[in-house]
Amino acid sequence: MELAKTYDPKLVEGRWYQHWMEQGFFRSVPDEREPFTIVIPPPNVTGVLHMGHMLNNTIQDVLIRKARMEGKNACWVPGTDHASIATESKVVGMLREKGIKKSDISRDEFLKHAFEWKDKYGGIILEQLRRLGASCDWERTRFTMEDKLSKAVIKVFVDLYRKGYLYRDLKMINWDPKARTTLSNEEVVYKEKRSKLYHVRYQVEGSQDEWLTIATTRPETILGDTAVCVNPKDPRYTHLQGKKVLVPLIGRSIPVIFDEYVDMEFGTGALKVTPAHDINDYELGKKHNLETIDMMNDDGTISPAGQLYVGEDRFTARKRIIEEIETAGQLVKVEEIDNKVGYSERNPDTVVEPRLSLQWFVDMQPLAGPALENVLNDEIQFHPAQFKNLYKHWLENIRNWPISRQLWWGQQIPAWYLEDGSFFVAETAEEALELARKATKDDSLSLSALRQDEDVVDTWFSSWLWPISVFDGFENKEELNYYYPTNVLVTGWDIIFFWVARMIMAGYEYTGEKPFKHVYFTGMVRDKEGRKMSKSLGNSPDAMELLDTYGADGVRVGMLIAAPKGNDLLFDVKLCEQGRNFSNKVWNALRLIKGWESYEDKNTDNEAAIAWLESRLNQVIQDIDAHFAAFRLSDALMAVYSFIWDDFCSWYLEMIKPEYQQPIDSHTLARTIELFEKGLQLMHPFMPFITEEIWNQLRERDSKDCIIVSRWPQAGQVDAALLQQAEAAKEVISKVREVRNQKGLKQKEPLQLYAVVKDKNRYATFSAMIQKLAFLGEFSFVDAEVDGTQTFLVGTDQFFLKTGDTIDPEQEKARLLQERDYLLGFIRSVQGKLSNEKFVSSAPAAVVDSERKKLSDGEAKVKAIEESLAKLN
RNA sequence: GCGCUGUUAGCUCAGUUGGUUCAGAGCAUUACCUUGACAGGGUAGGGGUCACUGGUUCGAAUCCAGUACAGCGCACCA
């Protein structure tokens with residue numbers, strides 16, 4: 001069959017993926033082999049594949065494929081995350097389009113809609129991952145909100161509650177008024193903003209015209225003011241001791257209090273205090289027994305407690321209140337300042353409000369200990385390791401985790417309340433009822449007396465259990481014992497707190513063991529200018545389109561070749577082009593080899609070439625294994641890339657290539673196929689499809705004899721002397737080509753080369769190669785300089801190339817003089833070192849020897865050049 | 001404000017304990033080549049005072065201190 005001139009991934013990828021599936025190559029069940037386990041960072045169930053996923057999952061696939069080839073029981077567990085805030089807001093939006101308001105339907109109805117939505121759109125991303133070549137065990141696909149996983153969440157909630165690690169408390173939390181839910185500190189993103197600082201004067205109660213001016217960036221909260229605070233050391237305000245002031249517009253009388261907390265330098269030195277809407281104000285309020293007025297509704301509108309602008313949005317209210325204050329003559333001035341404003345991570349345009357709220361919290365202190373210790377002591381290794389710093393800092397300053405979310409899409413909090421507000425935490429309503437009966441000593445209590453907490457838990461409160469729960473580890477230890485701890489987690493460093501740290505905590509708490517041995521952090525995928533990929537910038541390529549255009553292998557190479565671990569990837573489609581070009585290069589190596597007719601012969605002139613490539617291969621295997629061990633995937637890819645392109649294609653195939661349309665001896669062909677196969681195996685983790693295709697093109701194979709399950713090549717002997725000889729030969733060839741280039745000679749016009757060398761053996765093995773690749777009519781050793789030739793040096797060996805051209809003596813002289821001057825300078829610096837007694841006495845002998853060798857080599861070279869110069873004169 | 005990390009070729013990055021040609025790779029770029037596996041190609045080049053200053057050392061891209069710039073994290077922000 002004739003092979004196409006260019007490689008077409010479309011004809012290959014789908015076919016092989018299906019074949020792998022049919023053969024069950026991705027399937028893993030526990031057996032006696034060593035396991036190698038990766039759990040996927042579950043993408044949002046309604047998500048679609050983007051560049052970040054491609055990078056992340058390519059890395060996981062590379063690792064899992066390598067492990068599979070090493071004979072390990074490779075298990076990559078896929079799945080999706082219910083992503084409560086993100087998904088719920090998508091569903092709310094979808095319902096709104098249908099004219100349904102969330103507030104008009106019941107929880108059950110809403111969940112019905114949500115599950116319908118999930119069944120329709122959920123899992124698209126998993127299908128897309130198949131296109132990328134992800135070799136997940138799809139039979140293990142899990143979902144964070146499926147029954148078993150939800151049960152685990154409830155179990156853990158109850159357990160932590162009973163241990164006293166989980167409690168309910170009224171605290172200042174971050175509130176997302178769009179999603180109408182609590183957020184943890186980590187879910188608040190602070191952005192530097194240019195804001196207005198309003199200076200507003202409050203009249204001192206009982207005075208005619210005495211005023212106290214405060215400064216605020218959130219004037220709408222004036223409606224919730226219950227004090228004004230000044231520093232007791234501030235001489236400007238000492239006279240206000242015991243005085244009261246009137247809140248503008250509403251005229252509420254509030255005390256002037258004194259606290260060192262206030263910075264005298266900032267604004268006017270007077271701070272309005274709104275205990276319900278600011279964390280610091282709340283602390284002041286507690287300390288000074290202030291009233292707390294919650295003047296905002298959960299959607300960010302003003303509540304009746306605010307008295308004015310009730311029902312208006314907070315930002316509209318801000319505008320209007322300032323206008324009215326100005327009209328009242330109480331706006332002193334407006335100043336521009338830079339401050340940081342917190343936005344919701346999930347709703348990036350929504351400003352987060354500090355809000356006083358009754359929520360469930362996890363006490364992180366007891367969980368943090370083992371999590372910190374085992375990362376610092378490298379029981380769990382971070383790659384790159386510098387993320388340990390970030391991790392350490394966060395854990396050492398850890399704050400309690402508010403886990404309740406005022407949403408419906410998620411695991412409902414297993415707490416049941418009685419009329420009087422007392423509550424009972426249990427895995428089921430029945431158990432809660434039993435607890436309630438015991439507590440109240442009232443056996444007549446029925447389920448209808450209990451009301452379950454309306455809230456659900458934070459998504460991360462389910463995903464922190466992921467490495468355990470995907471193996472059903474909370475009900476059955478069998479699979480857990482085999483697959484856990486998992487080998488490596490591949491994830492972005494941006495969720496180091498959200499997810500990585502918490503999985504480590506849950507791991508130690510619930511299994512007494514780490515959840516993974518290694519964490520490979522990927523950076524963010526940015527465009528080539530370093531900007532974040534975003535819809536509004538339109539700089540985010542369509543992932544599926546890339547796969548179509550460049551093939552999965554091309555895209556995978558493109559992503560990995562420029563993705564050093566932990567660093568952001570500056571993505572450019574040109575990288576995928578490079579990947580595709582590489583595919584094509586390998587494909588054409590196949591075409592060449594397949595195109596050869598062979599004749600039976602056990603003797604060959606190519607023995608040296610074969611032995612050389614084999615040594616190179618063994619060297620490359622060693623390099624690649626070392627790169628993998630250190631998670632240097634880009635380097636591993638680069639090593640195989642240059643082995644295939646440079647060593648195999650550019651040198652080896654050219655060395656053994658027969659004359660045009662001539663056959664090749666069978667021995668060389670067989671050995672070439674073997675070596676090519678090994679190269680393909682090294683490529684396979686990175687480029688699964690094309691390697692499988694070529695693997696099967698090279699020989700007739702059984703349907704089970706696939707490269708994906710072939711054994712990873714073992715590094716054999718490296719013949720260092722041979723490699724050196726080859727390098728010398730390559731240098732001679734390059735030098736000849738250089739001369740041709742300079743002289744404008746044809747590549748294939750036969751020339752004569754003569755050499756004066758110290759050791760003929762150095763060139764003996766490859767002399768035929770030199771002759772062939774440098775296109776020489778003659779290559780021979782001589783005893784003395786040959787006249788009328790172009791000269792060059794390889795090491796200290798002299799070469800004389802007869803170009804047929806007449807040599808311009810002046811030009812040649814100039815060239816030689818330049819080279820000599822360079823060498824003389826070099827020699828001077830080496831001599832300088834060697835004449836320094838301190839160097840000779842304190843440097844290691846090997847270093848001194850090498851300097852001496854440099855000197856003698858340099859001198860020999862100069863001597864050779866001077867001989868040539870003498871001839872020219 | 002506190003802390004972490006970085007600064008090496010036009011771009012993205014290697015450079016392991018200071019010492020063998022250590023100043024590298026890929027991409028980009030330049031010249032030449034093109035019926036011969038591959039123009040999605042071949043061959044050969046050009047390109048860097050290793051951010052700056054000082055120190056340690058026989059010897060510094062590498063170690064130390066300081067400076068500048070950049071990125072990130074945390075805290076504060078009326």
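Keep in mind it's a predicted model, so treat the numbers as computed, not measured. Just so it is clear: chains get the letters A, B, ... in the order the sequence lines come, proteins before strands, and each one is counted from 1. Note: hydrogens, waters and symmetry copies are ignored here, and every other heavy atom, side chains too, is used.
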Just do the side-chain hydrogen bond (donor to acceptor under 3.5 Å, both in side chains) check on A/S734 and A/E731 with the steps written out, would you? CA-CA 5 Å; A/S734 290; A/E731 204 178 331; over 6 Å; no
Between [N] and [M], how far is it from one [atom1] atom to the other, in whole Å?
{"N": "B/C63", "M": "B/A25", "atom1": "C1'", "answer": "26 Å"}
{"N": "B/C52", "M": "B/G6", "atom1": "C1'", "answer": "15 Å"}
{"N": "B/G42", "M": "B/A28", "atom1": "P", "answer": "11 Å"}
{"N": "B/G48", "M": "B/G10", "atom1": "P", "answer": "8 Å"}
{"N": "B/C4", "M": "B/U12", "atom1": "P", "answer": "26 Å"}
{"N": "B/G19", "M": "B/C64", "atom1": "P", "answer": "15 Å"}
{"N": "B/A37", "M": "B/U16", "atom1": "P", "answer": "42 Å"}
{"N": "B/U35", "M": "B/A23", "atom1": "P", "answer": "41 Å"}

Indicate, with a heavy-atom threshold strictly under 4.0 Å, whether [X] touches base, sugar-phosphate, or nothing.
{"X": "A/C649", "value": "base"}
{"X": "A/S842", "value": "base"}
{"X": "A/N836", "value": "sugar-phosphate"}
{"X": "A/I214", "value": "nothing"}
{"X": "A/L197", "value": "sugar-phosphate"}
{"X": "A/W596", "value": "nothing"}
{"X": "A/V273", "value": "nothing"}
{"X": "A/S583", "value": "nothing"}

Of the nucleotides [options], which has the atom closest to the [X] side chain?
{"X": "A/Q578", "options": "B/A44, B/U21, B/G26", "answer": "B/G26"}
{"X": "A/N339", "options": "B/G41, B/C77, B/A44", "answer": "B/C77"}
{"X": "A/E738", "options": "B/A37, B/G45, B/G73", "answer": "B/G45"}
{"X": "A/Y641", "options": "B/G19, B/C32, B/C27", "answer": "B/C27"}
{"X": "A/K861", "options": "B/C13, B/U21, B/G19", "answer": "B/U21"}
{"X": "A/K340", "options": "B/G36, B/A37, B/A75", "answer": "B/A75"}
{"X": "A/K748", "options": "B/G36, B/C38, B/A75", "answer": "B/G36"}
{"X": "A/Y261", "options": "B/A44, B/C4, B/C77", "answer": "B/C77"}
{"X": "A/K585", "options": "B/U21, B/G40, B/G41", "answer": "B/G41"}
{"X": "A/F497", "options": "B/G73, B/U12, B/C58", "answer": "B/G73"}

Under a plain distance cut-off of 3.5 Å, with no hydrogens placed, do [Y] and [X] share a side-chain donor-acceptor pair?
{"X": "A/H277", "Y": "A/E353", "result": "no"}
{"X": "A/T668", "Y": "A/N606", "result": "yes"}
{"X": "A/T672", "Y": "A/Y652", "result": "yes"}
{"X": "A/W394", "Y": "A/E186", "result": "yes"}

State yes or no: are the ring centers of A/W493 and A/F521 separated by less than 6.0 Å? no
Test: A/R314 and A/E220 ion pair at under 4.0 Å: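 Salt bridge between A/R314 and A/E220, a charged N being under 4.0 Å from a carboxylate O: no.
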State whether the distance check finds a donor on one side and an acceptor on the other, under 3.5 Å, for side chain [X] versus base [N].
{"X": "A/K388", "N": "B/U5", "result": "no"}
{"X": "A/E654", "N": "B/A37", "result": "yes"}
{"X": "A/K5", "N": "B/C38", "result": "no"}

Ignoring backbone atoms, establish whether [X] has a side-chain N or O less than 4.0 Å from OP1 or OP2 of [N].
{"X": "A/R580", "N": "B/G40", "answer": "no"}
{"X": "A/Y190", "N": "B/C72", "answer": "no"}
{"X": "A/T6", "N": "B/G40", "answer": "no"}
{"X": "A/K193", "N": "B/C77", "answer": "no"}
{"X": "A/N581", "N": "B/G41", "answer": "yes"}
{"X": "A/N280", "N": "B/C77", "answer": "yes"}
{"X": "A/W493", "N": "B/G71", "answer": "no"}
{"X": "A/R526", "N": "B/U12", "answer": "no"}
{"X": "A/K657", "N": "B/A37", "answer": "yes"}

Would A/K340 count as a cation-pi partner of A/Y190, with NZ or CZ less than 6.0 Å from the six-membered ring centre and within 45° of the ring normal? no
In whole Å, what is the span from the [atom1] atom of [X] to the [atom2] atom of [N]?
{"X": "A/K838", "N": "B/G19", "atom1": "NZ", "atom2": "P", "result": "21 Å"}
{"X": "A/Y7", "N": "B/C38", "atom1": "OH", "atom2": "C1'", "result": "15 Å"}
{"X": "A/L653", "N": "B/G41", "atom1": "CG", "atom2": "P", "result": "16 Å"}
{"X": "A/L637", "N": "B/A25", "atom1": "CG", "atom2": "C1'", "result": "13 Å"}
{"X": "A/L633", "N": "B/C13", "atom1": "CG", "atom2": "P", "result": "16 Å"}
{"X": "A/Y660", "N": "B/G36", "atom1": "OH", "atom2": "C1'", "result": "5 Å"}

Strictly by Watson-Crick or wobble contacts shorter than 3.5 Å, is anything paired with [N], and which nucleotide is it?
{"N": "B/U35", "answer": "none"}
{"N": "B/A68", "answer": "B/U7"}
{"N": "B/A14", "answer": "none"}
{"N": "B/G47", "answer": "none"}
{"N": "B/G40", "answer": "none"}

Anti or syn, where syn is a glycosidic angle within 90° of 0; which label fits B/U5?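 That one's anti.
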Residues in side chain to side chain contact (heavy atoms under 4.5 Å, CB included) contact with A/Q381, at least two apart in sequence or another chain: A/D378, A/H383, A/H518
Judged by each residue's nearest nucleotide on RNA chain B, which is more toward the 5′ side, A/K574 or A/W587?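 Per heavy-atom nearest nucleotide, the more 5' residue is A/K574.
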Report the residue (A/K746 or A/S642) whose heavy-atom-nearest nucleotide on RNA chain B is the more 5′ of the two.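 Nearest nucleotide further toward 5': that of A/S642.
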Just verifying a value: how many Å separate A/R318 CZ and A/Y198 OH, rounded to the nearest 0.5 Å? 6.5 Å
